[in-house]
Amino acid sequence: MSNDIFKKIIDEIAEIGSEVIAITGLGEPLIDKDLETKIKYAKQRNIRIVQLFTNAALLDEERTEKLIKAGLDNIIISTDAADKETYEKIRLNLPFEKVERNIKNFIRIRNALKVEKPKIKLNMTVFGENVHQRTYFHRKYKDYVDGIHFSYARQWGEDKSTFSKSDTVVNRYMSKTRVYPCPLLWLHFNVFWDGSVPLCCMDFDCTHPLGQINTMSIKNIWHGNKLNSVRDQHNMGKSNENKLCKDCMYYISWFSASVAAKKKEFVV
């Protein structure tokens, strides 16, 4: 994303009063050589929480220090297993030892600089190949980092078989009629690198475009007819009439995890 687009986004959300941005998406944020400049600008505009999602492959010591000094608040590292064999089956061509070393170095450097932030959190995306490791993952890292999160795998293709293996809670809700509106329609606003605005984070190829940041304001897109029409669909219990929503695994994983947590079915 260009600095101009990023600054326009930050300026607008600062005026609106939004407090949190997440630098993430369908790529690796650390590839961006201007990332630290963007983080600094967001903090200068008083964005309360700036967080970053990464696989930590490029999180070497030099980059770590730059991110810390830029003012990053949270770093969430996708770490999908707790041992080398399982991890490298999932994360092809990314050595497990390298990721663990980068995580340890990040914590060491942050502590050496005597700062409390960024908070470092690990995320494990649960599916068939690693579902057996949830308890071990939590036990191994819980006293080492600032937080651990488990999320369910999302499926962008047609084959949903991965989810039948990942967790009985998710599987239980796959065939249910959707009763509740998806909360993301009222909570999240996504912008791709070129300024295009998809319906949501699952609209990876922008088949349901809401607008373009280069020519429209965030406020106009957020309150626009396109997004409101989808919200109305959900409020009326007709989300299945939208193909993107009908096939959405993120809705299922969010809803089932929320219900499971209340029933204490999702344990680590």
Side-chain angles (χ1 to χ4, degrees), residues 1 22-36 38-39 51-68 70 72 74-110 118-142 144-167 170 190 192-194 198 201-206 249-250 253 268:
M1 178 180 286
I23 302 173
T24 180
L26 300 175
E28 170 54 51
L30 294 183
I31 293 174
D32 185 356
K33 295 180 180 179
D34 291 327
L35 179 60
E36 289 80 9
K38 292 181 170 75
I39 293 170
Q51 56 189 18
L52 173 72
F53 290 76
T54 176
N55 61 20
L58 300 176
L59 194 63
D60 58 24
E61 294 187 17
E62 181 182 358
R63 202 67 192 271
T64 289
E65 189 165 342
K66 287 181 178 179
L67 288 170
I68 294 172
L72 184 67
N74 297 324
I75 184 166
I76 299 95
I77 299 177
S78 299
T79 316
D80 295 327
D83 63 50
K84 177 180 176 66
E85 180 181 2
T86 307
Y87 182 89
E88 292 183 3
K89 283 181 180 178
I90 298 168
R91 297 274 173 174
L92 301 179
N93 301 316
L94 182 52
F96 179 70
E97 297 89 349
K98 179 179 182 180
V99 172
E100 277 211 327
R101 181 175 65 251
N102 287 347
I103 293 171
K104 291 177 181 178
N105 285 337
F106 192 98
I107 295 171
R108 175 180 58 78
I109 294 170
R110 183 191 65 180
K119 298 297 185 184
I120 181 168
K121 304 176 183 181
L122 303 185
N123 179 77
M124 178 179 175
T125 301
V126 179
F127 54 105
E129 284 77 357
N130 65 4
V131 64
H132 64 285
Q133 286 213 332
R134 285 188 302 183
T135 301
Y136 175 46
F137 186 95
H138 184 263
R139 186 170 62 245
K140 179 177 181 179
Y141 294 117
K142 66 182 177 67
Y144 190 63
V145 296
D146 299 304
I148 291 176
H149 182 254
F150 295 90
S151 59
Y152 291 109
R154 310 183 205 179
Q155 176 60 275
W156 280 281
E158 297 296 325
D159 179 16
K160 306 296 189 290
S161 60
T162 300
F163 294 87
S164 63
K165 302 174 186 176
S166 64
D167 198 282
V170 171
N190 300 271
F192 285 165
W193 68 272
D194 62 351
C201 58
M202 291 300 292
D203 189 12
F204 69 95
D205 55 359
C206 210
M249 289 290 100
Y250 191 78
S253 65
V268 295

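Owing to the predicted nature of the structure, the values given are computational and were not obtained by experimental measurement. Excluded from the calculations below are hydrogen atoms, water molecules and symmetry mates; all remaining heavy atoms, backbone and side chain alike, are included.
When side chains are defined from C-beta on, K121 does not count as touching V145, because their heavy atoms never get closer than 4.5 Å. At a threshold of 4.5 Å between non-hydrogen side-chain atoms, the residues E65 and E36 do not count as touching. The shortest side-chain heavy-atom distance between L30 and R63 falls under the 4.5 Å cut-off. By the 4.5 Å heavy-atom criterion applied to side chains, I23 and D32 are not counted as neighbours. At least one side-chain heavy atom of R108 sits under 4.5 Å from a side-chain heavy atom of E61.
Here the closest heavy-atom approach between residue A57 and residue L94 is recorded as CB-CD1, 3.5 Å. Among all heavy-atom pairs drawn from F150 and V126, the shortest one is CD2-CG2, 4.0 Å. Listed here is the closest heavy atom pair of S78 and Y87: O-OH, 4.5 Å. Residues A56 and N102 approach most closely at O-ND2, 2.7 Å, considering heavy atoms. The shortest non-hydrogen separation linking P198 to C206 is CA-SG, 3.8 Å.
Q133 places a side-chain N or O within donor-acceptor distance of the main-chain N or O of A82, the cut-off being under 3.5 Å. Judged purely by atom type and a 3.5 angstrom limit, R91 has no side-chain atom pairing as donor or acceptor with the backbone of F96. Put simply, the side chain of N130 gets close to the backbone of T125: a donor and an acceptor are under 3.5 Å apart.
Rounding to the nearest 0.5 Å gives a distance of 10.0 Å between NZ of K98 and CG of L59. Note that the CD1 atom of I109 and the CG atom of D60 stand 8.5 Å from one another [nearest 0.5 Å]. Here NZ of K66 is found 10.0 Å from NZ of K33. Values are rounded to the nearest 0.5 Å. Taken from CD1 in I120 to CD1 in I77, the straight-line distance is 4.0 Å, to the nearest 0.5 Å. Here D83 contributes atom CG and F137 contributes atom CZ; the two are 11.0 Å apart, rounded to the nearest 0.5 Å. One distance of note links CD1 of I90 with OG1 of T79; it measures 11.0 Å at 0.5 Å rounding.
At most 12 non-hydrogen atoms from other residues, nucleotides or ligands lie less than 6.0 angstrom from CD of E85. The local environment of NZ in K89 is sparse, with at most 12 non-hydrogen atoms from other residues, nucleotides or ligands closer than 6.0 Å.
Side-chain contact of Y141 with E100: a donor-acceptor pair under 3.5 Å is present, judged by distance alone.
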side-chain contact (heavy atoms from CB on, under 4.5 Å) between N190 and D203, intermediate numbers included: CA-CA 10 Å; N190 300 271; D203 189 12; over 6 Å; no
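The side chain to side chain contact (heavy atoms under 4.5 Å, CB included) test with L122 is passed by exactly one of D146, I75, D80, I103: I103. The residue from L67, N55, L52 that alone fulfils the side chain to side chain contact (heavy atoms under 4.5 Å, CB included) condition with P29 is L52.
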